[in-house]
Every structure is written in C-alpha cells, then in structure tokens.
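Quick notes on the structure that follows.
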Amino acid sequence: MVSLLSEASLQLRRQVLEKEFSRINDRQREAVFTVNGPLLVLAGAGSGKTTVLVNRIANLIRYGSAYQDTASQLSEQDIADMQEYLHHDTPLSEITRSHLAVSPVAPWHILAITFTNKAAGELKQRLANMLGEAGSQVWASTFHSSCARILRQFGDRLDYSTHFTIYDSDDSKRLMKNCLKELGVDEKILSCKVVLNEISRAKDTLTTPKAYQQAAGDDNRTATIARAYQMYQQHLKEADAMDFDDLISCTVQLLQENPDVLEHFQKKFRYIMVDEYQDTDHAQYVLIKLLAGTDGNLCVVGDDDQSIYKFRGATIENILSFEKTFPTAKTIRLEQNYRSTQTILNAANAVISNNKERKGKTLWTKNPVGSKIQTHTAINEQDEADYIGKQILEGVADGRKFSDYAILYRMNTQSSALEKNFVKSGIPYRIIGGLRFYERKEIRDMIAYLSVINNASDEMRLRRIINQPKRSIGDKTLAAASQIADQLGESVFYVIDHANEFEPLKRTAPKLLQFAHIMRGFMDMNESGSHTLKELYDKVLEDTNYIASLGNPANLEVQDRISNLRQLESNIQQYEEENGELASLDGFLQEVSLMTDIDNYDDKADTVVMMTMHSAKGLEFPVVFLPGFEDGIFPGVQAIYSPEQLEEERRLAYVAITRAREQLYILNAQSRMIFGSTNRNRPSRFLQEIPEELMEHTAARSWKQPKPGTALPVSSKEVREAAMESALHFGAPQSAQAHKALQFRPGDQVEHRAFGKGMVLSVTPMGNDHLLEIAFESKGTKRIMANFAHLKRA
DNA sequence: TAGGATTTAGTTTTT
DNA sequence: CTAAATCCTA
C-alpha cells in the first residue's frame, strides 16, 4: 500500500491540499489547515473571515488533519492520481480523496457560532453550496439560538418546561415596570431602563440575584436593584419565560450543574468556531470554554478594532487575553483586505492607529488606489441631506443602482432629515432599525396571541392581548384576577376561564368567559395537530376581529398595519415550508423571538439603505455616506471626555469607513437641529485624523432659495404617509398607483422636481416598477424608477 | 373604560 | 422637534 516514505508522502499530500484550497491566500490557508488546538484568527475588516470559516469547516469534513498528520495510506494509484491533479488539473477521484483524509470530522461534530441570524444564514448557505448535504448538517447558529436549542432539550433540569417563552426587550420592560410598581419604586428616581441595564450586566457576568444582593451591601440604590432583580427573575420563572440574557446564563448554569449534560455536549461538539469573538461577553466566554472542554479544538475569529458593543457588556478582554487563557493557542493575522480601495483603507488605518488598546494590525490591499474621499461641509442637516440626495441621483444617472448606496449614521434620529429629502427627490430608500418589524404593535399583538396559545401561563402576554381588541376588560378586573390566581396558585388564564366561580369577577365574567372561550378554541385547534399554523393564525385574526378593530381601512396607517399582518402570515407560511413535518407553533415562536430586521434585509431590492453604523457591521456597499461627522454627534458628547469611550467611538468610525468598497463621503454640518434646539458643532476629530492627501473637500456656498412649487411635506407624518404611498406601489401591483408607470410612454414630456423638464426615451419594466430613461433639458439623460420619481406631465 | 389632552424624555443595541 | 407614556375627564 505505502509506496513512498512518509516524509515524501506528506509533501505530496500537502501540495494537493494546497491546490484544493488555492483560491485563498497563504494566511487564510494557514488558518484552514490549523485544525487542532486553540486558534485565534485576527481578521481585519474585509479580510475574508467567512471564507476562512467555510473553508476550514470544509477541510475538517473532507480531509480532517491530513495536512499535519504523517499517517499515510496511499496506494500507487492514489499517488498517480495526485500527480495528475497537480500537473494536469485532472480532477481527483473520489477514492483518492477519501484516502487522503486523516480522521475526517463528521459535520455534526462541528459547532459554528455567530452573533446574528444573518451571519449564521450566510454561513449555512455557503457550507451547503460547498459541501452539499454534509454542509447542512453542521450546527451553525447564533449564541442565542444554540442556547435555546440546548435549553429546550435539557431545560427540565433547571425547572423550565420545554416550550418556555423567550421575552424580548419590550416584554422585559413591561415586566420590570410591574416589578418596580410592586416594590413601590419611583421610576423618576430609578428608571426601569437603568435597572434592566444593570441586571443585564449582572447576567453577562454570571452574577445571580443573591450574589448581586450580597455585593450591594449598604448601598441603597444597588440594594433596590437587587430586589428588583430577584423579583424579576421570579416572575420570569412563573411565566415559564427567559429573557435574552437568561438564554446564555441558564445554559452555563445547566452545563455547570449537570456533568452528564456537559459531557454530552463536549462529546458532540468536538470542533467549535466562534465568529465576531470581540463581541462576546463574559457569560459567552464561559459557555465557549465549557463546551470546548479539555480538547480545546476552539477557533475564534475576531477583530479587536471592530469591538463596538462594550456598552452592551462585550468585553474586549476575551480577545486580548485569548493567548493567556489558552497558552498553546496559535494566532494568525489576516491583513489583506479584498473589499476597499487603498485610499479608503489608508484612511481607516490612520484613524484606528490613534487607539492605544489594540493588538495592532495594518490592512493592505491589492485593489486600486481609487478616488479620494469626498468630504463636504453642509450648512445644516437639510443641506447635508440635499447634498447626499444629489450625489445619489447623479450616480444613478451615470449607471449606478440605488442599492449601491448606503448611509450610515450615529443616531437613528439622523435619518429623518434624509427621509424628508429622499421623499422629495423620489429616491427609493429603506431604513434598517428604528421601528422593527417584530416590534410593531400589530405584530406583537398577534405574536402575543400565539404565545398564549402555546403557553397559557405567560401572564405578560395574556395581559397584552386580553383587551386588544377592546373587550371592556380593564386594569381593575385584571388585577383582581391576578390576585385570585396568586392565592389559588393557578394561572391567570385558569381564573379567567372559571371567572363565574369567583365573586369579585362576577360583573365582568361574561366578557372574561367569552375571551377564554375563543382562546380555548385556538388552543384545541393547535393541540389537535390537524391544522397548519397558517390556518391557526387566520383563525385567530378572524375570531378576534383584529383587523376590523384597527379602524378605517381607507387610512394609510391602517393599510400599513394590515399589510404587516399579511407579511406575518407569509412568514408563518415560509416557516412551515422550510420545516415541513417539524414545524410547530412552539418552534415558530422561538424562531421569531430571536429575529431582528437586519435579518430581513434583502440586498436584492434596488433601494438606498440607511442604518446606524452599528447595524452596518459585517455589511459592505460600493458607496457609503457618513453624515454627522461632528464633535458632539460622532464622537457623541458623552464620549468626548472619556478616553475609553472615545476609543470605542473610534472603532466605530473604523467600522463605518471600512464598509465602503469604492467611494466614501464624509459629511459635517455647520449647524444641526438636535432634539429641538440648534447646535453648532466643530468637525469631528476623526476627520482630522485622516491624512489630508486622501481627501477632497467641498462646502456649501450659500443657502439656496427653494423654488416655488417644490413645497416639501412639512411634518414627519406627511413624510411617512408619502413614503407609505410609495411603498404601496411595490406591494400592490393592482393598486391604482402602480398603473401610473404604465401611463408613461417613450416620447412623453415630463417634469421632475429635481431635474426639471425632460422627455421619456424608454420604459423598461422592473419588478412592480418601471425604469424610465429620460432626457432632461438641462441635466442630461437620467434613469429613474417611475414609482419613486414623482413625475408630472409637462 | 375609552379616548383625547398633556407631559416628558430622548446614543449606539447583533439577541 | 417628535413619539410614546401618562393623565384626565366624559
């Protein structure tokens, strides 16, 4: 069998494996072939870390440790095969491939943890593309959903049911409000936001209510928080619910207290990979360490320069001290950037080099130098928005797509000036963050119905829906029911279901019973198992008369709500299609509770996208605008006098700058209205940290008189309605507005608010919209989406 | 209890 | 300035 010396065999195998992974660079390949023991990959922005993760997993599954191992079982046929492959590009035979492998790893022994569903989804997708069936068997998911999955299996050890509810931040807030009320704490002195934040930090550091109380000592404030913490946890338990932080800390507790469970998962996850390691908090660190166990086949990928969630408990220490925690750890730096131009990278490097607390790395690229960074000083935020809008329209006229553009700001409030301008100029846009899909009232209401159907002891959500739509059941009644429930040790739902048996509820009993009756109907329907989730959802909508309760369907806001409810319906349907036999109400609710709207961000739609710099992490765009580079905005006021916070802001600047592939615009305004008062801010210090020669500066000359007839919507309500109207054009091809586009034909004379008069040259259908090519009298030929253009016939 | 009037608090937030 | 939370009255 063996016909080569093992040394020569290893050489040959290495050559073949290197060729197998020849599409990645040397550093990346080193990370891919380092399969055993702890590994730290310091991956700069745009250095292809997902590629490394995917290839590393592929290598584990296909070849195991063949690159390092000297064991060899190659036949002469194999060797001939390999030579052929190396010299003549003949594909390797499957047999040779299998002979090459040295202790290959089964996909189910691999755990890959990310922070966002989007990142997990991307990873899964790329694994499936590369490895097919085997790729889908890798456990790739977020911290939170991995933990939820573990807890559903072993939650009984912690006295939780297997269908516990996951509370989101809104639920937590409501619950904490109740706790503080119960404790008689004045929210003006100690707001529930502050308390929740404090508790979240406690959970991040694995501090139990008891330990927290002991640490509180004499301090009154802390002692109060300790009591609130205790009560909050108790209520969660009664509701069979966990908040986001509990998912992690309870999993840690489960593994620490149950050696058999720990062993089970240590055996299961023989290889662990963690993405965005710089964002892990202490609890997540402990969790990873527990799972990695003594084998320590742990590979973490991160970038200390992109740590921007310290305020949420992420501890940069985890990455800075990885080598100390795991003395045998190998560190690999990925510094070649594949995303941005040299100019953009130089700017990013220059800014971040002002930070003291960092491991230090310098990004470089083979990409072209690219155009200079455009800096622009606007007069105020409207002028700033105006400038951005103009640049986008010009770019689109030159052949760019709207989706090439992203605007990244420090605060969500900065979006409104942009929004107004874009509505005016007919620029299609989407805002990520702010009001999320799953935070909308109507969606939360329906989710609450489904939650109660799934878990009747969820009092919080029961309270949410019991009078929604209005059933004339008020606080008074609910408080009475809640008290009775406490005395009996039964759930509130039980009490409501038996309302006529309790004297204090006699008056409202018919209403309570009616509510209980319809809920029972839903619960029976769910338990019978003979209906789909979509049918259940439709039944809930119908029996509760929810849609009718929203009000006049002619109202745009009501229409928006209804379309959101339809969207939820199709999400449910999609979930059922994806999960087939395994689909369950429980499963859907869990998936939904861990979902955010970055996850719904689809890059296919051709619109400009706006979001905070934080949300943009991990994304990239050809052209990026960074408005509000002013001291006081970015860096924010709170950060200016704290060196630590300033460094975090600088990392955020680094993240923001490195989102751009080709062109970067940085803007500041001489004055800006913020929370109702006008501020004059100096240009951001970060701007001064970028070398002069990388930038080209312009400034607004004078305040232009708005032309008559170009009246803007004045209130944000009007803006929203106008935006909604535009949005409807997309969703409803049958609507009257959608036919507007069809009214335009080549040769039509039109007038655009920004470009003036022109003639339609061509009409191309695109999705539900139409792309118009228009020759303007003064501005040349532009391409514009009909539904967004607000064109008038001239 | 519902709905309108008034007050008040507003970085960032992968889950 | 704006949106949500709370207050107040019918």
Side-chain angles (χ1 to χ4, degrees), chain A residues 113-120 141-148 166-170 172-174 177 187-188 191-193 196-197 200 203-204 242-248 275-276 278-281 283-284 306-314 381 408-414 416-417 420 432-436 438-439 441 467 469-478 508 511 590-599 601 611-619 628 632-639 645 648-649 651-652 655-656 672-678 714-717 719-720:
Chain A
I113 299 189
T114 63
F115 273 82
T116 61
N117 297 308
K118 187 173 160 54
S141 64
T142 64
F143 266 104
H144 294 265
S145 47
S146 309
C147 287
I166 299 170
Y167 274 10
D168 64 23
S169 13
D170 189 70
S172 300
K173 209 172 112 198
R174 279 158 177 267
K177 273 218 151 106
E187 277 222 44
K188 271 165 198 148
S191 75
C192 85
K193 211 179 157 186
L196 278 172
N197 217 24
S200 180
K203 289 181 179 176
D204 289 347
M242 292 194 196
D243 67 15
F244 289 141
D245 299 313
D246 284 336
L247 291 175
I248 313 290
D275 194 12
E276 306 279 17
Q278 75 281 354
D279 292 330
T280 49
D281 58 36
Q284 287 161 340
Q306 292 189 69
S307 159
I308 53 174
Y309 286 104
K310 203 175 174 183
F311 72 93
R312 258 186 103 247
E381 73 274 16
L408 313 178
Y409 34 75
R410 181 67 239 268
M411 294 177 289
N412 280 313
T413 47
Q414 285 175 262
S416 65
K420 283 181 197 172
I432 308 289
L435 331 124
R436 294 134 191 262
Y438 284 101
E439 277 170 17
K441 276 188 211 82
N467 204 27
K470 303 266 183 279
R471 298 187 179 90
S472 300
I473 302 170
D475 283 346
K476 209 176 49 191
T477 311
L478 220 53
T508 37
K511 298 189 163 132
Q590 189 196 305
E591 194 171 295
V592 148
S593 58
L594 297 174
M595 191 99 103
T596 63
D597 66 353
I598 270 274
D599 305 329
Y601 166 70
M611 66 183 99
T612 63
M613 296 173 182
H614 281 90
S615 322
K617 201 174 74 171
L619 303 177
I633 304 286
F634 187 49
V637 254
Q638 298 87 332
Q645 282 189 56
E648 175 130 332
E649 296 277 290
R651 290 193 290 270
L652 187 55
V655 169
R672 181 181 302 271
M673 176 104 95
I674 202 105
F675 301 142
S677 59
T678 307
V714 272
S715 75
S716 75
K717 198 179 159 212
V719 170
R720 216 175 314 110

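The model shown is predicted, which means the values in this text are computed figures rather than measured ones. Sequence lines set the chain letters: A, B, ... in the order given, protein chains first and strands last, and positions in each chain run from 1.
- Of the candidates B:dG3, B:dT12, B:dT1, the closest approach to any side-chain atom of A:Lys470 belongs to B:dG3.
- For the pair A:Gln284 CD and B:dT14 C1', the computed distance is 10 Å after rounding to whole Å.
- Regarding contacts with the backbone of B:dG10, every side-chain N or O of A:Asn412 stays at 4.0 angstrom or more from both OP1 and OP2.
- Rounded to whole Å, atom P of B:dT14 lies 15 Å from atom CG of A:Leu247.
- Atom name P, nucleotides B:dT12 and C:dA5: the rounded distance is 16 Å, in whole Å.
- Judged by distance alone, the side chain of A:Asp243 and the main-chain N or O of A:Asp246 form a donor-acceptor pair under 3.5 Å.
- Here B:dT11 is the nucleotide among B:dT11, B:dT13, C:dC1 with the atom lying nearest to any side-chain atom of A:Met411.
- No hydrogens or angles considered: a donor-acceptor pair under 3.5 Å links the side chains of A:Ser146 and A:Ser141.
- Checked against B:dA9, B:dT12, B:dT14, the side chain of A:Asp279 finds its nearest nucleotide in B:dT14.
- Close to C:dC1, at under 4.0 Å from its OP1 or OP2, lies no side-chain N or O of A:Ser416.
- A:Gly636 comes within 4.0 angstrom of nothing in the nucleic acid, heavy atoms only.
- Between A:Arg651 atom CZ and B:dT12 atom P there is a gap of 18 Å when expressed in whole angstrom units.
- As judged by a 4.0 angstrom heavy-atom cut-off over every strand, A:Lys177 is placed among residues touching the sugar-phosphate backbone only.
- Mapping A:Arg471 and A:Glu649 onto DNA chain B by nearest heavy atom places A:Arg471 closer to the 5' end of the strand.
- At a threshold of 4.0 angstrom between heavy atoms, the contacts of A:Thr477 are confined to the sugar-phosphate backbone, with no base atom among them.
- Among the nucleotides B:dT14, B:dT13, C:dC1, the one closest to the side chain of A:Lys617 is B:dT14.
- Closest of all the heavy-atom pairs between A:Asp281 and A:Gly313 is CB-O, 3.2 Å.
- Protein atom CD of A:Glu276 is 14 Å distant from nucleotide atom C1' of B:dT13, rounded to whole Å.
- Between the P atom of B:dT13 and the CE atom of A:Met613 lies a distance of 11 Å, rounded to the nearest Å.
- If you take CD of A:Gln306 and C1' of B:dT12, they are 16 Å apart, rounded to a whole angstrom.
- A donor-acceptor contact shorter than 3.5 Å is absent between the side chain of A:Asp204 and the backbone of A:Ala314.
- Phosphate proximity of C:dC1 to A:Lys420: absent, as no side-chain N or O sits under 4.0 Å from OP1 or OP2.
- Distance from the side chain of A:Ser472 is smallest for B:dA2 among the nucleotides B:dA2, B:dT13, B:dT14.
- For the pairing with A:Gln306, the side chain to side chain contact (heavy atoms under 4.5 Å, CB included) check across A:Glu276, A:Lys617, A:Arg651 returns one residue only, A:Lys617.
- Each of A:Phe115 and A:Gln638 was assigned the nucleotide of DNA chain B with the nearest heavy atom; the assignment lying further toward the 5' end belongs to A:Gln638.
- When the side-chain nitrogen and oxygen atoms of A:Ser677 are compared with OP1 and OP2 of C:dC1, none of them lie within a distance under 4.0 Å.
- Base engagement by A:Gln645 is indicated by at least one non-hydrogen atom pair under 4.0 Å involving a base atom.
- Following rounding to the nearest Å, A:Met611 (CE) and B:dT14 (C1') show an atom-to-atom distance of 12 Å.
- Using a 4.0 Å heavy-atom cutoff across all strands shown, A:Lys441 reaches no nucleic acid atom at all.
- When rounded to the nearest whole Å, the span between CD1 of A:Ile308 and P of B:dT14 equals 10 Å.
- Applying the 90° criterion around 0 to the glycosidic angle, B:dT12 comes out anti.
- A:Asp168 comes within contact range of no nucleotide atom at all, as no heavy-atom separation falls under 4.0 Å.
- Using modelled atom types, one finds no donor on one side chain facing an acceptor on the other under 3.5 Å when comparing A:Ser172 with A:Ser169.
- A distance cut-off of 5.5 Å between ring centres, combined with a plane angle under 30°, leaves A:Phe675 outside any stacking arrangement with the base of C:dC1.
- For the pair A:Asn467 and B:dA2, the criterion of a side-chain N or O lying under 4.0 Å from OP1 or OP2 is met.
- Listed here is the closest heavy atom pair of A:Lys177 and A:Glu187: CE-OE2, 2.9 Å.
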